[in-house]
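Structure first, then comments.
Worth saying up front: this structure is predicted, and the values here are computed from it rather than measured. Both counts, for ligands and for their atoms, begin at 1 and track the order of listing.
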Amino acid sequence: MLPGGALNLVELQEAARERLPAITYDYYASGAHDEHTLRENEAAWARVHLHYRVLVDVSARDLSTTVLGTRVSMPILVAPTAFHRLACPDGELATARAASRARTVMCLSSLSNTGVEDVCAVSGGPVWFQLYVYRDRAATEALVARAEAAGASALVLTVDAPLLGRRERDVRNRFHLPDGLRVENLTAAGHGDVALRSGESGLAAYFAEKLDPSLTWKDVAWLRSVTRVPLLVKGIVRPDDARRAIDHGASGVVVSNHGGRQLDGSPATAAVLAPIANAVQGRIEVLIDGGVRRGTDVLKALSLGARAVLIGRPILWGLAVAGEDGALAVLETLRHELDHAMALAGCARVSDATHDLVSSA
Ligand code: FNR
Ligand code: LAC
């Protein structure tokens with residue numbers, strides 16, 4: 001079902017690597033510094049074990065659930081990732097169509113190559129908007145208003161990137177956007193260009209100049225006051241920060257280390273999920289991303305306390321190999337793998353994925 005002859009998402013990455021220019025592949029694939037956390041994100045799922053139940057009737061299985069009250073066909077969402085037109089000409093439009101065909105949520109990055117209005121217009125399903133807070137607060141507030149007016153049904157505030165992590169592959173390639181591609185949502189405000197810089201990543205320079213590194217929990221309350229839609233805080237790896245998110249009005253947190261792209265040496269998300277879910281005690285929803293590559297990883301995440309997972313890079317690999325159909329194939333592959341894992345683990349519903357199903361080595 002996956003394009004490029006791939007049998008699984010890891011093989012799909014290889015097919016994408018063969019098709020993409022190195023500057024794009026490296027930007028998508030890379031992590032910060034030595035990429036320890038990047039590798040750990042995937043490796044940590046393998047250290048969680050599934051204590052499957054036997055002799056449970058799993059002849060009918062239901063993967064559907066809700067996230068922030070929105071019904072989705074499965075607990076697998078599309079993570080916000082920047083610059084989808086580097087992967088395929090339709091870019092974020094292709095992703096939005098794929099997510100809506102899979103009946104799940106697409107989270108659109110602030111740094112998309114397509115405006116939020118156009119993405120919401122083609123999507124038949126729920127779109128959430130990931131927010132970066134700019135030094136230019138007027139532009140940030142206008143962006144929030146635009147996203148809401150376009151129909152985005154939640155805001156996802158990313159809090160793990162006061163500066164961009166140092167991705168050495170991007171420094172070497174002097175990563176920048178090619179002619180014709182921009183940060184479409186910020187073009188009108190004068191923040192659309194990610195230009196070539198000598199000796200550094202153009203995106204790192206863009207972050208340093210334009211994003212607000214003084215952001216604090218007070219600003220979360222500010223953001224809460226300028227939007228009507230639910231707010232998720234993305235980039236949490238500590239129970240105390242998850243509690244602070246509750247105190248500041250968040251409806252959910254995304255346990256995330258940004259796919260190992262920010263602070264190298266931060267823990268794998270799989271390793272911190274259970275303590276965070278435990279601290280939150282069901283008061284808000286806990287989502288997770290980072291290294292989810294198999295249906296069994298999804299089942300482990302649910303059992304450790306996540307409401308749903310988000311998928312980052314594999315969507316980009318799907319787009320690169322086969323556009324909208326490729327991104328859809330990634331989601332459908334994970335759906336089939338989760339369905340299979342649930343059957344083998346004795347889970348007929350996602351609510352059967354409880355903590356007793358998992359242990360960590
Ligand atoms: C990201 N991520 C990200 N996060 C965010 O909040 N805003 C963004 O614009 C981006 N951009 C982005 C670009 C690329 C190329 C990648 C790989 C990642 C992080 C993303 O939302 C998510 O946290 C990770 O990608 C999850 O890890 P996996 O699934 O890629 O391992
Ligand atoms: C990244 C930013 C855009 O990880 O979030 O590249």
For this session: Could you please spell out the steps behind the side chain to side chain donor-acceptor pair (under 3.5 Å) verdict for N185 and S112?
Result: CA-CA 7 Å; N185 291 319; S112 53; 3.0 Å; yes
For this session: Assess whether salt bridge (charged side-chain N to carboxylate O under 4.0 Å, His left out) is satisfied between D339 and R335, documenting all intermediate values.
Result: CA-CA 6 Å; D339 178 60; R335 184 201 306 283; over 6 Å; no
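Ligand 2 places these atoms under 4.0 Å from at least one heavy atom of L111: 3 (C). Heavy-atom proximity to S256, at under 4.0 Å, picks out these atoms of ligand 1: 23 (O). Here is the list of ligand 1 atoms found below 4.0 Å of a heavy atom in L316: 15 (C). Remark: ligand 1 atoms within the under-4.0 Å shell around heavy atoms of A79 are 21 (O). Of all atoms in ligand 2, listed by their number and element, those nearer than 4.0 Å to a heavy atom of R261 are 1 (C), 4 (O), 6 (O). Contact atoms of ligand 2 toward H258: 1 (C), 2 (C), 4 (O), 5 (O) (distance under 4.0 Å to a heavy atom of the residue). Counting the atoms of ligand 1 from 1 in the order shown, those under 4.0 Å from a heavy atom of S109 are 8 (C), 9 (O).
In R167, the part holding a heavy atom less than 4.0 Å from any atom of ligand 2 is the side chain. With a heavy-atom cut-off of 4.0 Å, T158 does not touch ligand 2 at all. Contact annotation: for F175 versus ligand 2, there are no heavy atoms closer than 4.0 Å.
Residue contacts with ligand 1 do not include V254, since none of its heavy atoms lies under 4.0 Å from the ligand. Ligand 1 does not have F83 within reach: every non-hydrogen atom of the residue lies 4.0 Å or more from it. In this structure, Q262 does not count as a contact residue of ligand 2, since none of its heavy atoms falls inside 4.0 Å of the ligand. Using 4.0 Å as the threshold, T81 has no heavy atom nearer than that to any atom of ligand 2.
When Q130, H84, K234 are checked for heavy-atom proximity to atom 4 (N) of ligand 1, K234 turns out nearest. Considering D289, I311, V292 only, the shortest heavy-atom separation from atom 23 (O) of ligand 1 involves D289. Nearest to atom 15 (C) of ligand 1 by heavy-atom distance, out of R261, Q262, R313, R293, is R261.
A side chain to side chain donor-acceptor pair (under 3.5 Å) with H258 is found for one member of T158, D160, D289, T269 and no other, namely D160. Here the rule is ring pair (Phe, Tyr, Trp, His ring centres under 6.0 Å) with F207, and of Y132, Y134, F175 only Y132 fits it.
Ligand 1 has no nitrogen or oxygen under 3.5 angstrom from a nitrogen or oxygen of P314. Not one N or O of L310 is nearer than 3.5 Å to an N or O of ligand 1, by distance alone. Every N/O-N/O distance between T81 and ligand 1 stays at or above 3.5 Å.
Residues Q262 and R166 bring no donor and acceptor atom of their side chains to less than 3.5 Å of each other.
In the hydrophobic clustering of ILVMFWY residues, with side-chain heavy atoms under 4.5 Å counting as a link, W222 and L232 come out apart. Each of V280 and V156 belongs to its own hydrophobic cluster when Ile, Leu, Val, Met, Phe, Trp and Tyr are linked at side-chain heavy-atom distances under 4.5 angstrom. Under the 4.5 Å side-chain heavy-atom criterion for grouping Ile, Leu, Val, Met, Phe, Trp and Tyr, I76 is connected to V292 within one hydrophobic cluster. Residues M106 and V254 are members of separate hydrophobic clusters, defined by side-chain heavy-atom contacts under 4.5 angstrom among Ile, Leu, Val, Met, Phe, Trp and Tyr. Tracing side-chain contacts under 4.5 Å through hydrophobic residues (I, L, V, M, F, W, Y), one never reaches L63 starting from V67; they form parts of separate clusters.
From the protein, the heavy atom lying nearest to atom 29 (O) of ligand 1 is G312 N, 2.9 Å. Counting protein heavy atoms only, atom 21 (O) of ligand 1 is closest to P80 O, 2.7 Å. Atom 11 (N) of ligand 1 has as its closest protein heavy atom A82 N, 3.2 Å. Of the protein's heavy atoms, H258 CD2, 3.5 Å lies nearest to atom 19 (C) of ligand 1. Nearest protein heavy-atom neighbour of atom 5 (O) of ligand 2: Y132 OH, 2.5 Å. In terms of protein heavy-atom proximity, atom 6 (O) of ligand 2 is closest to Y27 OH, 2.6 Å. Protein heavy atom nearest atom 6 (O) of ligand 1, with residue, atom name and distance: T158 OG1, 2.6 Å.
The distance from the NE2 atom of H340 to the CG atom of L338 is 11.5 Å, given to the nearest 0.5 Å. Note: L143 CG to R137 CZ = 13.0 Å, rounded to the nearest 0.5 Å. Atom CG of L68 and atom CG of L231 lie 10.0 Å apart (nearest 0.5 Å).
Here the closest heavy-atom approach between residue Q281 and residue N278 is recorded as NE2-O, 2.9 Å. Shown here for L319 and H84, the closest heavy-atom pair between the two residues is CD1-ND1, 3.7 Å.
Relative to the ring axis of Y27, R261 places its NZ or CZ within 45° and under 6.0 Å from the centre.
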